[in-house]
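Below is one structure, written out as structure tokens; comments come after it.
Throughout, protein chains are lettered first and strands after them, A, B, ... in sequence-line order, and every chain is numbered starting at 1.
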Amino acid sequence: MLDLKLIREDPAWVEGRLQSRGKGHDLQKVHLLEQEKRAIQAETEALQARRNAISREIGHLKAQQGDASALLEEMQGLGPRLKALELLLRSKEEAVGEVVSQLPNLPDLSVPMGRDENENVELRRWPAASEPEPLPFPAQSHWDIGERLGVLDFDAGALVAGARFTVLRGGGARLSRALINFMLDLHTAEHGYTEVLPPFLVNRESLFGTGQLPKFEEDLFAASDDFFLIPTAEVPVTNLVRGQIVEEEQLPLRMVAWTSCFRREAGAAGKDTRGLIRQHQFDKVELVWITRPEESEAALEQLTRDAEAVLKRLELPFRTVALCTGDLGFAARKTYDLEVWLPGQGRYREISSCSNTGDFQARRMQARLRRKEGKKVEPVHTLNGSGLAVGRTLVAVLENYQQADGSVVIPDVLRPYMGGVSLLEPVVKK
RNA sequence: GGAGAGAUGACCGAGCGGUUUAAGGUGCACGCCUGGAAAGCGUGUGUACUCCAAAAGGGUACCGAGGGUUCGAAUCCCUCUCUCUCCGCCA
């Protein structure tokens, strides 16, 4: 949620920042609605003040057996007028809220200008600045590798659930679990995060807080009773501070959570239909920071490095990209994507997205901090990033560690989590 | 799922239709007292929106949430949510 005061005080600047996302937003409407709202508010509150004064006076008179009929008569006239005004005020408040809650976050000034993902800016590559060496044999896609190994069963996923669901079997299921445990251990033991295991179903308030609602309901799976399956652990974990006032010295909060994630992928028909890249259900290890405003910029750099560390330990080539203004997500002020190299596709694919949302989510959630000096409260800043998307990491391992004979070597750091298994071998078809 | 009891400020807790500002306590902050501290005494102590050029200072709303009754609701009525106790069921 954008700061209404900021919109009021410097609409041109806000409009310009919104414009940089590629879509214009008319703040005139907000301005007008807000003005109307405040006029009605002033009138309503004056009337409420009068009502309160009269009520008090009636109380006095009754206590002294006095005659309150004149006051009661004034109240008769006041009542309906006040009721109508209160109703009108609320509808205006809702109208303002509705418009403002649809506005995306303002891009940070350091975000490169651009229309779409083609204008994102590559910042760095690992392990070298050049494209990774091609494999010394024709690279297979992970779906071919996985099926030959008997670890990815797309037919079974379609059978028990439908399109975009997959069953992991044997070493594949084990590898997924190994990745989750490896990531959680790395972030907790070496990067200082606290592990959280949140609900996978959340309420509307939480989804509003992080910005998925009201605009993106069609991307979510709804369960009954107004619960939604989480599209990312960012939702339940960030919302842990919703409605809270956190003491300044308790910040930053740094949390890591493994969850399954569920997405409709409504707008992605025909995209990535094969393989594990785009599923309705996938696992992800998510990093969340709650910070003081002045430290969120540095926090985004650190969070991104923490995510990069996973790829480095797994020895998977990747690059780090700064999203341009036109490619930013709704809630993001600034975003770095990590893209892993996939030999089977011969290109980099997103495996992590690390964002600083500034005070945008905090305003929607009413998550604040109390300053040690001055006792003032102000919105916290929130950040989130994948560390990493587990399904896509599994894809990257299969494709990067594939051998000419169709087997897949297990990365060194995962072997302790694989019960000593160091190689996945093709099953012999009968 | 059934039966019952609850939800009040940072915390505990009173209030159950009006007697201006939610009693009292604890905590916290500041001050007095003290050689220093404790104790004691005094003062202050939430959030959001809004009025005012700003400050100072006002106003309104908020006693789990939403409706209702009433001239007036923390207090009465209805619905919902959550917590606790017992029973049932269950991984």
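Comparing B/G59 with B/A65, their C1' atoms are spaced 26 Å from each other, to the whole Å. Across B/A74 and B/G2, the matching C1' atoms stand 31 Å from one another, rounded to whole Å. If you take atom C1' in B/G25 and the same atom in B/G13, they sit 8 Å apart, rounded to whole Å. Between B/C32 and B/U70, the distance separating the two C1' atoms is 49 Å to the nearest Å. For the P atoms, the distance linking B/A5 with B/U79 amounts to 15 Å, nearest Å. Comparing the same atom, P, in B/G64 and in B/A73 gives a spacing of 16 Å after rounding to whole Å. Comparing B/G9 with B/C62, their C1' atoms sit 11 Å apart, to the nearest whole Å. For the P atoms, the distance from B/G15 to B/G88 is 36 Å, rounded to whole Å.
Remark: B/A5 base-pairs with B/U83; criterion is Watson-Crick or G-U wobble with both hydrogen-bond distances under 3.5 Å. With both pairing distances under 3.5 Å, B/G24 is matched to B/C12 as a Watson-Crick or G-U wobble pair. In this structure B/G72 sits in no base pair that meets the Watson-Crick or G-U test at under 3.5 Å. Across all strands shown, B/C49 forms a Watson-Crick or G-U wobble pair, both distances under 3.5 Å, with B/G59. In this structure, B/C33 makes no Watson-Crick or G-U wobble pair, since no nucleotide meets both defining distances under 3.5 angstrom.
Phosphate proximity of B/U50 to A/Arg8: present, with a side-chain N or O under 4.0 Å from OP1 or OP2. Residue A/Arg368 places no side-chain N or O under 4.0 Å from the OP1 or OP2 atom of B/G46. Between A/Lys83 and B/U69 there is a side-chain N or O to OP1 or OP2 distance below 4.0 Å. Distances shown here put every side-chain N or O of A/Arg204 at or beyond 4.0 Å from the OP1 or OP2 atom of B/A65. Between A/Arg370 and the phosphate of B/A10, there is no side-chain N or O to OP1/OP2 separation shorter than 4.0 Å.
Of the possible polar contacts, none joining the A/Gln281 side chain to the A/Phe262 backbone as a donor-acceptor pair under 3.5 Å is found.
Take the nearest nucleotide of RNA chain B for A/Ile54 and for A/Ala49: the residue whose nucleotide is more 5' is A/Ile54. Nearer the 5' end of RNA chain B, as judged by each residue's closest nucleotide, is the contact made by A/Gly59, out of A/Arg38 and A/Gly59.
Within the nucleic acid shown, A/Glu34 comes within 4.0 Å of sugar-phosphate atoms alone, with no base atom in reach, counting heavy atoms only. Residue-level contact check: A/Arg363 touches neither bases nor backbone, having no heavy atom under 4.0 Å from any strand. Residue A/Ala42 is classed as having no contact, given no heavy-atom separation below 4.0 Å to the nucleic acid. Within 4.0 Å of A/Gln41, counting heavy atoms only, lies at least one base atom of the nucleic acid. Within 4.0 Å of A/Arg90, counting heavy atoms only, lie sugar-phosphate atoms of the nucleic acid but no base atom.
Electrostatic pairing of A/Asp219 and A/Arg263 does not count as a salt bridge here, judged by no charged N lying under 4.0 Å from a carboxylate O. Contact check on A/Glu378 versus A/Arg368 returns no salt bridge, with no Lys/Arg side-chain nitrogen under 4.0 Å from an Asp/Glu carboxylate oxygen.
When rounded to the nearest whole Å, the span between CZ of A/Arg51 and P of B/C71 equals 13 Å. If you measure from atom CG of A/Asn52 to atom P of B/A74, you get 10 Å, rounded to the nearest angstrom. Atom CZ in A/Arg56 sits roughly 15 Å away from atom P in B/G72 (whole-Å rounding). The distance between atom CD of A/Gln48 and atom P of B/C51, rounded to the nearest whole Å, is 15 Å. Rounded to a whole Å, the CG atom of A/Leu369 is 16 Å from the C1' atom of B/A10. Between A/Leu82 atom CG and B/G72 atom C1' there is a gap of 12 Å when expressed in whole angstrom units. Here the C1' atom of nucleotide B/U47 and the CD atom of A/Gln244 are 13 Å apart, to the nearest Å. What separates CD of A/Glu378 from C1' of B/A48 is a distance of 16 Å, to the nearest Å.
Taking the six-membered ring for Trp and the full ring otherwise, A/Phe221 and A/Phe228 have centroids separated by 6.0 Å or more.
Of the candidates B/G18, B/U50, B/A48, the closest approach to any side-chain atom of A/Ile58 belongs to B/G18. Comparing B/C71, B/C49, B/A48 by their closest approach to the side chain of A/Val377 singles out B/A48.
The heavy-atom pair separating A/Lys334 from A/Ser110 by the smallest distance is NZ-OG, 2.8 Å.
By the 30° and 60° cut-offs, the orientation of the rings of A/Phe200 relative to A/Trp258 is perpendicular.
Of the candidates A/Leu179, A/Asn181, A/Leu186, A/Asp185, A/Met183 forms a side-chain contact (heavy atoms from CB on, under 4.5 Å) with just one, namely A/Leu179.
Within the 4.5 Å cutoff, no side-chain heavy atoms of A/Thr291 are placed close to those of A/Arg254.
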